[in-house]
Amino acid sequence: MDPVTLTTARLLLRTVGPLDTDAVYAAVQDADIQRWTTIPSPYLPEHAHSFTTQLVPDGWADGSMFTFGVFLPEGEELVGMLALTMRSLGVAEIGFWATKPHRGNGYITEATTKASHWAFTHLSVDRVEWRAEVGNTPSRAAAERAGFTMEGTLRSAINNKGVRRDCWVASLLPSDLGLPSTSPYLPAPNTPSRPAPSSPSGD
């Protein structure tokens, strides 16, 4: 698939390439990003180069991972990164991080809602999963504000830099955004329906 560009009221979501390598490298020097994600630590210039010139374009080309840089439209300043990774038939896992200067503005929540909507309407995805190591409360808050339903804790489900860790798992369904599913969904008895999320704020 050719990369696509998405827009929200405040953001531009587009693929990243060689011209973004320096911005990615600088952002990922943040200790919180290296602590809570599976990104290499220390994060070296060659890691950023491989990400923008190989990993991202290859993911788009073979349909395995759809990565968006999250930018402010004025000057395209990088405020975060978001990726949808295909895990199984109709299921994508979303992951994201925000640059330190732009946390607390709701940008990642806004980008997550937009990217999930795109996945539901263009990728035949019927479930977007979010996972994060237990304790990563800012990531959890952003997911919940985007409408994700927390489903529990998975033991030893993340390998972060050689250490197995427990993780939270949550999901977003098309119906959470007022969209139809591509396949019929038969929920368990007494499963409550959820309204679409309100305008994002925070994170």
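Numbering of residues begins at 1 and proceeds along the displayed sequence. Just so it is clear, the values below take in all heavy atoms, side chains as well, and ignore hydrogens, waters and symmetry mates. Computed from a predicted model, the values in this text were never measured in an experiment.
Of the inter-residue distances, the one linking Arg87 atom CZ with Arg131 atom CZ reads 8.0 Å to the nearest 0.5 angstrom. Rounded to the nearest 0.5 angstrom, Leu177 CG and Phe120 CZ are separated by 5.5 Å. Here the straight-line distance linking atom CD of Glu93 with atom OG of Ser171 works out to 12.0 Å at 0.5 Å rounding. With rounding to the nearest 0.5 Å, the separation of CH2 in Trp97 from CG in Asn136 is 14.0 Å. The line from CZ of Arg127 to OG of Ser88 is 9.0 Å long, rounded to the nearest 0.5 Å.
Among all heavy-atom pairs drawn from Met81 and Gly69, the shortest one is SD-CA, 3.6 Å. Between Met86 and Gly63, the closest heavy-atom pair is CG-O, 3.5 Å.
Note on Val16: it clusters hydrophobically with Trp60, by side-chain heavy-atom contacts below 4.5 Å among ILVMFWY residues. Under a hydrophobic clustering in which Ile, Leu, Val, Met, Phe, Trp and Tyr are joined whenever their side-chain heavy atoms come within less than 4.5 Å, directly or via other members, Val70 and Leu6 fall into the same cluster. Under the 4.5 Å side-chain heavy-atom criterion for ILVMFWY residues, no single connected hydrophobic cluster contains both Val169 and Val91. Leu55 and Leu78 fall within a single hydrophobic cluster, where Ile, Leu, Val, Met, Phe, Trp and Tyr side chains are chained together by heavy-atom contacts under 4.5 Å. Linking ILVMFWY residues whenever their side-chain heavy atoms come closer than 4.5 Å, directly or via other members, leaves Ile94 and Ile158 in distinct clusters.
Screening residues 43-56 for side-chain hydrogen bond (donor to acceptor under 3.5 Å, both in side chains) gives Thr21-Thr52 as the qualifying pairs, with residues at least two apart or on separate chains.
In this structure, Leu11 and Phe68 have side chains that are not in contact, with every pair of non-hydrogen atoms separated by 4.5 Å or more.
Atom NZ of Lys161 sits in a crowded spot, with more than 12 heavy atoms from other residues, nucleotides or ligands closer than 6.0 Å.
Distance alone, capped at 3.5 Å, is enough to place a donor-acceptor pair between the Asn105 side chain and the His102 backbone. Panel note: side chain Asp166, backbone Ser156; a donor-acceptor pair is recorded below 3.5 Å. Judged by distance alone, with hydrogens and angles left aside, the side-chain atoms of Lys114 form no donor-acceptor pair with the main-chain N or O of Thr109 at under 3.5 Å. Without hydrogens or angle criteria, Gln34 side chain to Val28 main chain gives a donor-acceptor distance under 3.5 Å.
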message: Between Phe148 and Trp168, does the ring pair (Phe, Tyr, Trp, His ring centres under 6.0 Å) criterion hold? Intermediate values first, please.
response: CA-CA 12 Å; Phe148 281 71; Trp168 290 318; over 10 Å; no
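Legend: residues meeting side chain to side chain donor-acceptor pair (under 3.5 Å) with Asp30, ordered by chain and number and at least two apart, are Arg103. For Thr8, the side chain to side chain donor-acceptor pair (under 3.5 Å) test picks out Glu110, with sequence neighbours left out.
No option in Arg35, Arg164, Arg140 other than Arg35 meets the salt bridge (Lys or Arg N to Asp or Glu O under 4.0 Å) test with Glu133.
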